[in-house]
Protein chains: 4
Amino acid sequence: MSEEDQRPPERARRLPRAVRERQILDAAVQVFSRHGYHAASMDEISDVAGVSKPMIYTYLGSKEDLFGACIRREATRLLEAIQAGVQPDLPPDMQLWHGLRSFYRFVAEYRESWTVLHRQALTVGGAFAAEITDMRARAIQLVAALVVSAGTRKGVGEQAEFSGEGLAASLVGAAESLADWALDHPDISDGVLASWLMNLVWLGFNDLIEGAVWKPSE
Amino acid sequence: MSEEDQRPPERARRLPRAVRERQILDAAVQVFSRHGYHAASMDEISDVAGVSKPMIYTYLGSKEDLFGACIRREATRLLEAIQAGVQPDLPPDMQLWHGLRSFYRFVAEYRESWTVLHRQALTVGGAFAAEITDMRARAIQLVAALVVSAGTRKGVGEQAEFSGEGLAASLVGAAESLADWALDHPDISDGVLASWLMNLVWLGFNDLIEGAVWKPSE
Amino acid sequence: MSEEDQRPPERARRLPRAVRERQILDAAVQVFSRHGYHAASMDEISDVAGVSKPMIYTYLGSKEDLFGACIRREATRLLEAIQAGVQPDLPPDMQLWHGLRSFYRFVAEYRESWTVLHRQALTVGGAFAAEITDMRARAIQLVAALVVSAGTRKGVGEQAEFSGEGLAASLVGAAESLADWALDHPDISDGVLASWLMNLVWLGFNDLIEGAVWKPSE
Amino acid sequence: MSEEDQRPPERARRLPRAVRERQILDAAVQVFSRHGYHAASMDEISDVAGVSKPMIYTYLGSKEDLFGACIRREATRLLEAIQAGVQPDLPPDMQLWHGLRSFYRFVAEYRESWTVLHRQALTVGGAFAAEITDMRARAIQLVAALVVSAGTRKGVGEQAEFSGEGLAASLVGAAESLADWALDHPDISDGVLASWLMNLVWLGFNDLIEGAVWKPSE
DNA sequence: TATGAATGAGGGTTCATTCAT
DNA sequence: CATGAATGAACCCTCATTCAT
């Protein structure tokens, strides 16, 4: 309103396209994570982004396109965050632990990204579910390949007592579920969360009952 | 559908309220599981139920009420199915295994119930998420109380390396994730699924790598 | 507004479907004829029909469907009106004259029907243009088949100086164009309009210049 | 496009205003003829013209202004083309025939011009319809004045059997309709088309049935 | 001069919900 | 009891038009 604002912060005008796209994606992730795909409205996204609706359509396409762009950006961020935390020259358990720490750090820092990816992406159906499933598969392979491959030792392979694919799905589910739980307990650090999970999947209840405890070796 | 209809079943009239409600809930679960809460339409539900829309509103209330009724009925079914499978006089690992078997049997038999509970219930937000979370908590306590309590031995309690609540969340997540995976692999029996999960959470990767394998003892 | 209206005429409620469909089609023809397909809005149509928009979609489908229904209804009306006027046991020229009279009577009485059919139907493109073209073809065959077939006498067939199809297209165009002109001259009776056209297409300029004049022989 | 561009033709800059206006009008005629007034978008026009949208508004004004400019330019072209073909020192029928040939030659060569004028101009409503009607009137007077005036011989004037204005409207309609038909039959030459029409409007069905045929005398 | 960036306004369509019969 | 008929409200999307560079 006032004519003497040095820089009009109300709504910065005439920004380059890349900046606007980022603004829009940020807003979209926020709104999608709050309401889910169907309940989210383009109006709210445009409001949050500080941009008119036509800009969204011009830059990012339809609602579905926009959602896809969100999913892809956040998935890439997550994978990169995990990859950045893994150190290939450590023993398997420590690699797994570091990967998990990175994962929980990401979830804590980017709650909305995680919510969109984990909870909302599957509700759209069709192409997105497949995309997300793919990324889950890549995530598990990235983090747990070493463990699973170590587990399939000595020609045991797939059998009634053991299945790499099944264990992988279970491990990922456990990690995700703990991440959701951690969203309601922000005081638990990522290192502790990762340790808990290690005690479950590395030692197992049997060892825990016996009094054994897993700790990071370093 | 009923076995003794004498009169033309075009649209049975004057049915007792309880029967009508069951028809409607069955249809709602089916439709909600297919499309999710938001994408499901009351029109489709009334079509599938073979009942006019005003009846749904008269008997079950608003769309949200209807969804809540579905969730509660299916959750009760699930919990009862699991409870029916547990045998309290077995050792802890066998109790866990039997509980898991019951769970996977239920998921295989009532896919739609499981889908509604696991995937669709969380996308509505607000009251339902809490309700579902509650039921998850009760489920984990039901199945894993023995294990967790056994794990919290010797006054260790909650600490960095160990947390009953956190482990419980992880275990439930693992079981659920494997259930989802099993939906795409209907040839895997519930006993095998339960065994896989036992090998993960009872023995842990460390023992698996060492060559140990968990098997049902009975 | 007043509470004592014997019959509420503001918006009759709870009418049977067939009645509503007619109301809607009437309104749609009126609005489409005024603004054309693209400039017409479903809002205005629903206002004119005294019906909410969802009713239109429930009963007649999309805007394009609605337009199609208008076109088909009006075209049927027009064809029936013309057919009703033709008397097969008259000589060819009198048959043509009677058909033309019916045509001009219809156009005068149902201006909007004619406008929709003639001017607006071609602007939608695709399927409708073909449909309209078909109806034009049937109309010309209905009215002028006798004349054209009489014209293609003595094995002349299609050649440089003469073509049944081309003449038909020209005749229809002449009749249509005169109909448009007549819309702005409502004082000219259908009999006169038909006579003018007969003098053009039956006698031709050459005879007219020579002083010949065509008159209905009755 | 221009034959002597030295510099890269990506998007020629600093062109004189007249050239730009021609580019824009060419594009507009093309797009309007394809989609009609309402369905045509300024975006597509600017794309086809290779010019940014603000230029269009600067040079030609609003969409309606632009359409008006198209209509006027193309109508002028058409009238000039017909005028160029008429030779005032021939007998009336030959004058008419030559005028028609010019008309059909123009339609064949400038399909888009013809489409815009004939089909799309009337759908906008209001001022344009009047403008187009005016031009039609001038066209008919230009081509058929001789005939009509010859027809209104011997003080007969306007009467039930005969009307200069009505015949003119009919003749123009016949010529236009045949032009539309010819768009789908490009193998028919303009001379043949003109002859067909002459056989209809000069001789009439009566003479045709009698075996008479009109041929260009020259 | 020429344009990328930006939007107000409106259109088609659907859906949860409720009367009136 | 049971339902066909009806709608307010909202949502996704597009387009003519203009500003600021």
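We use all heavy atoms of the structure for the numbers below, so side chains are in, but hydrogens, waters and symmetry mates are not. Everything numeric here is computed off the predicted structure, so don't read it as measured data. Chain identifiers are assigned alphabetically (A, B, ...) following the order of the sequence lines, protein sequences preceding nucleic acid strands; residue numbering begins at 1 within each chain.
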Watson-Crick or G-U wobble partner for dG12(E), using a 3.5 Å limit on both distances? dC11(F)
Looking across every strand, which nucleic acid part, if any, lies under 4.0 Å from Ala39(D) by heavy atom: base, sugar-phosphate, or nothing? nothing
Describe the nucleic acid contact of Thr58(D) in one word from base, sugar-phosphate, nothing, applying a heavy-atom distance below 4.0 Å. nothing
Please report the closest heavy-atom contact between [X] and [Y], naming both atoms and the distance.
{"X": "Ser33(D)", "Y": "Glu112(D)", "answer": "OG-CG, 3.4 Å"}
{"X": "Val116(B)", "Y": "Val29(B)", "answer": "CG2-O, 3.5 Å"}
{"X": "Phe32(D)", "Y": "Gln120(D)", "answer": "O-CG, 3.6 Å"}

Let me know the distance between [atom1] of [X] and [atom2] of [N], rounded to the nearest Å.
{"X": "Ile45(D)", "N": "dT3(E)", "atom1": "CD1", "atom2": "P", "result": "16 Å"}
{"X": "Phe67(C)", "N": "dG12(E)", "atom1": "CZ", "atom2": "C1'", "result": "16 Å"}
{"X": "His35(D)", "N": "dT14(F)", "atom1": "NE2", "atom2": "P", "result": "15 Å"}
{"X": "Met55(A)", "N": "dC19(F)", "atom1": "CE", "atom2": "C1'", "result": "13 Å"}
{"X": "Glu44(D)", "N": "dT17(F)", "atom1": "CD", "atom2": "C1'", "result": "18 Å"}
{"X": "Ile56(B)", "N": "dA2(F)", "atom1": "CD1", "atom2": "C1'", "result": "13 Å"}
{"X": "Leu66(C)", "N": "dG12(E)", "atom1": "CG", "atom2": "P", "result": "11 Å"}
{"X": "Ile24(C)", "N": "dT13(E)", "atom1": "CD1", "atom2": "P", "result": "14 Å"}

Please determine if a side-chain N or O atom of Arg20(B) lies less than 4.0 Å away from the OP1 or OP2 oxygen of dA2(F). yes
Phosphate OP1/OP2 of dT17(E): any Tyr57(B) side-chain N/O under 4.0 Å: yes
Taking the side chain of [X] as heavy atoms from C-beta outward, which of [options] is closest to it?
{"X": "Asp43(C)", "options": "dT7(E), dG11(E), dT7(F)", "result": "dG11(E)"}
{"X": "Pro54(B)", "options": "dT18(E), dA6(E), dA16(F)", "result": "dT18(E)"}
{"X": "Leu15(A)", "options": "dA16(E), dA6(E), dT7(F)", "result": "dA6(E)"}
{"X": "Ser62(D)", "options": "dT17(F), dT7(F), dA6(E)", "result": "dT17(F)"}

Closest-nucleotide 5' rank along DNA chain E - winner of Tyr59(A) and Lys63(C): Tyr59(A)
Can you work out whether His38(C) or Lys53(B) has the more 5'-proximal nearest nucleotide on DNA chain E? His38(C)
Strictly distance-based, threshold 3.5 Å: is any side-chain N or O of Asp65(C) a donor or acceptor partner for the main-chain N or O of Ser62(C)? yes
Tyr37(B) six-ring centre to Lys63(B) NZ/CZ under 6.0 Å and within 45° of normal: yes
